[in-house]
Amino acid sequence: MIDTDVLVVGAGPAGTAAATLLARGGIDVTVIDKTTFPRDKTCGDGLTTLALRLLQELGLSSAAVESWRDVGQVWMRSPSGREVNLALPAGQGRYAAVTKRVDLDSALVDLARSCGANVIEDATLRTLTPSETSITATLAGDRSITTRYVIAADGMWSTTRKGLGLDMPGYRGDWHAARQYRKAAGERSRDLWVWFEDDLLPGYAWSFPLPNGEVNVGFGIVRRGSLSGKDFAAAWRELFDRHHIREVLGETEDISPYRAWPIPARLPSVSLTGPRTLFVGDAAAATDPMTGEGIGQALETGMLAASAITEHLSGSPDDVLGTYERSAKRSLLADHHMASGLSRVLRSRVATNMALRTVSVNDWTRRNFARWMFEDYPRALIATPRRWSRGAMSRPGADI
Ligand SMILES: Cc1cc2nc3c(=O)[nH]c(=O)nc-3n(C[C@H](O)[C@H](O)[C@H](O)COP(=O)(O)OP(=O)(O)OC[C@H]3O[C@@H](n4cnc5c(N)ncnc54)[C@H](O)[C@@H]3O)c2cc1C
């Protein structure tokens with residue numbers, strides 16, 4: 001017996017985006033999450049234009065998200081010490097924002113519920129058993145749910161992926177990143193900062209501004225075999241005492257513990273589907289390999305999975321899974337390859353210095369780099385003529 005047409009495992013951005021679209025399309029959808037909301041998620045809390053436009057499409061209002069702060073300009077510092085100021089377009093919508101995940105994810109859960117999704121909190125997936133006609137999820141506490149399709153939105157350590165034997169043994173993510181909330185007294189900490197530091201390349205450190213003088217500070221590095229947990233913690237301890245960073249932040253006061261978490265960024269080499277299952281967001285390793293940003297990609301893959309199911313619910317699983325695989329690859333793969341290539345270039349100090357020098361040539365280069373960086377248009381737009389259209393590079397920001 002089918003309990004629900006679609007079971008979404010995980011109520012982060014990927015799962016709630018999928019559930020919102022499915023429920024809005026009149027499909028019976030249940031979402032389970034092992035935690036209770038509001039819950040924190042270790043993240044930089046930065047929203048790109050891509051994420052903002054998708055949140056708008058879902059119908060989220062920024063007014064529903066408590067710690068929301070718009071971002072109008074970005075500062076970047078090269079390894080050689082050049083500071084570059086990049087202004088995003090003003091007066092035509094939002095191109096970037098920062099908001100604590102504890103608030104964003106709760107607002108997304110509320111949105112999914114208001115559209116008719118049945119969200120069950122404190123419900124941990126343990127195992128999955130596919131059959132010819134359905135798939136049964138066993139939850140902690142001996143509960144079970146039988147469904148036609150599972151959307152696996154359960155993040156980096158996806159239980160779904162493991163349960164179906166589709167995980168990569170020993171895989172611990174492509175990036176490792178840490179963040180902390182602090183109060184910062186420095187005047188310049190009210191802007192969004194990205195520091196390219198010699199010892200972090202192609203990774204970087206950040207300070208993202210939040211309301212009430214708070215900042216989300218953190219850093220991410222591309223995982224190398226040699227990196228030990230001890231080295232990572234040592235880097236954290238001294239990074240924010242570096243003179244040029246201290247100068248921006250001023251006196252700081254910790255308001256949360258420091259937390260680290262891996263970032264999966266290998267969309268081309270993971271399976272996007274399994275038996276009656278569609279992987280989305282971090283469970284599909286969909287983050288941008290150059291920046292480690294994944295909220296936009298989580299929303300996008302969640303929405304594509306929902307569309308594939310909506311289109312073929314009464315058809316065969318092959319139609320659903322095939323449609324999702326094709327649409328996810330078409331939407332994300334070229335950008336992923338472009339970002340991977342650029343990330344390799346940013347491993348070099350010389351190349352990173354040169355890139356920031358080129359970016360700061362004039363207003364046009366600064367503005368367009370900022371828009372490209374914040375995913376206003378696709379990373380690989382230049383290499384994918386099918387996406388060229390009049391106005392592709394001058395769209396208004398999100399109205400959210
Ligand atoms: C330090 C750091 C900084 C980052 N900064 C940014 C940033 O500034 N901007 C950006 O766009 N991206 C950033 N990212 C990446 C971003 O956080 C992720 O890509 C994004 O959260 C992925 O969303 P998701 O919905 O796929 O998964 P998640 O947000 O991880 O949600 C997964 C959900 O699944 C639930 N779950 C897990 N297992 C089970 C189970 N067995 N049963 C039931 N529920 C389960 C979890 O409780 C969770 O709610 C950062 C990541 C890190 C680590």
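Predicted model only: the values in this text are computed from it and were never measured. Atoms within a ligand are numbered from 1 in the order they appear, just like the ligands themselves.
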- Query: Given the side-chain rings of F219 and Y258, with only the six-membered ring counted for Trp, is the space between their centroids under 6.0 Å?
  - Reply: no

With heavy atoms of [X] as the reference, note each atom of ligand 1 found under 4.0 Å away.
| X | value |
| --- | --- |
| T42 | 1 (C), 2 (C), 51 (C), 52 (C), 53 (C) |
| T287 | 19 (O) |
| R101 | 16 (C), 17 (O), 20 (C), 21 (O), 29 (O) |
| G10 | 33 (C), 34 (O), 35 (C) |
| F208 | 8 (O) |
| A177 | 1 (C), 2 (C) |
| A153 | 32 (C), 33 (C), 34 (O) |
| K41 | 17 (O), 21 (O), 29 (O), 30 (O) |

- Query: Going through the checks in order, is the side-chain hydrogen bond (donor to acceptor under 3.5 Å, both in side chains) test met by T138 and T127?
  - Reply: CA-CA 5 Å; T138 309; T127 61; 3.2 Å; yes

Considering only the protein, which heavy-atom contact is closest to [atom], and what is its distance?
| atom | result |
| --- | --- |
| atom 13 (C) of ligand 1 | C43 SG, 3.5 Å |
| atom 27 (O) of ligand 1 | G155 CA, 3.9 Å |
| atom 51 (C) of ligand 1 | I263 CD1, 3.5 Å |
| atom 3 (C) of ligand 1 | G44 N, 3.0 Å |
| atom 15 (C) of ligand 1 | G292 O, 3.5 Å |
| atom 40 (C) of ligand 1 | L125 N, 3.8 Å |

- Message: Given the ring of F279, does R161 sit roughly above its face, with NZ or CZ under 6.0 Å from the centre of the six-membered ring and within 45° of the axis?
- Response: yes

Decide, yes or no, whether a salt bridge links [X] with [Y] under the criterion of side-chain N to carboxylate O below 4.0 Å.
| X | Y | result |
| --- | --- | --- |
| D335 | R387 | yes |
| D40 | K100 | no |
| R182 | D254 | yes |
| E121 | R39 | no |
| R148 | D5 | yes |
| E57 | R53 | no |
| R101 | D105 | yes |

Are any of the N/O atoms in [X] less than 3.5 Å from those in ligand 1?
| X | answer |
| --- | --- |
| P13 | yes |
| G294 | yes |
| I295 | yes |
| T159 | yes |
| D33 | yes |
| D282 | yes |
| G15 | no |
| G46 | yes |

Is there a heavy atom in [X] that sits closer than 4.0 Å to ligand 1?
| X | answer |
| --- | --- |
| A286 | no |
| Q297 | no |
| W157 | no |

- In terms of hydrophobic clustering (I, L, V, M, F, W, Y; side-chain heavy atoms under 4.5 Å; direct or indirect links), are W68 and L58 co-clustered? yes

With a 3.5 Å distance limit and no angle check, can you tell me whether [X] reaches the backbone of [Y] through a side-chain donor-acceptor pair?
| X | Y | result |
| --- | --- | --- |
| K183 | N212 | yes |
| S256 | Y181 | yes |
| T358 | M354 | yes |

Check each heavy atom of [X] against ligand 1 and say whether those closer than 4.0 Å belong to the side chain, the backbone, both or neither.
| X | answer |
| --- | --- |
| T48 | neither |
| A123 | backbone |
| R39 | side chain |
| K34 | both |
| D154 | both |

- Task: In sequence, state the C-alpha distance, the side-chain angles, and the governing distance for D288 and R379, and then conclude on salt bridge (charged side-chain N to carboxylate O under 4.0 Å, His left out).
- Result: CA-CA 10 Å; D288 180 311; R379 292 264 185 264; 2.7 Å; yes

- Query: Quick one: does V217's side chain get under 4.5 Å of W236's, heavy atoms only?
  - Reply: yes

- Is the number of heavy atoms from other residues, nucleotides or ligands within 6.0 Å of CH2 (W261) greater than 12? no

- Step through the shown structure and confirm whether more than 12 heavy atoms of other residues, nucleotides or ligands are within 6.0 Å of CD on Q73. yes

- Message: Regarding atom 24 (P) of ligand 1: of the candidates A11, A152, A14, which has the closest heavy atom?
- Response: A14

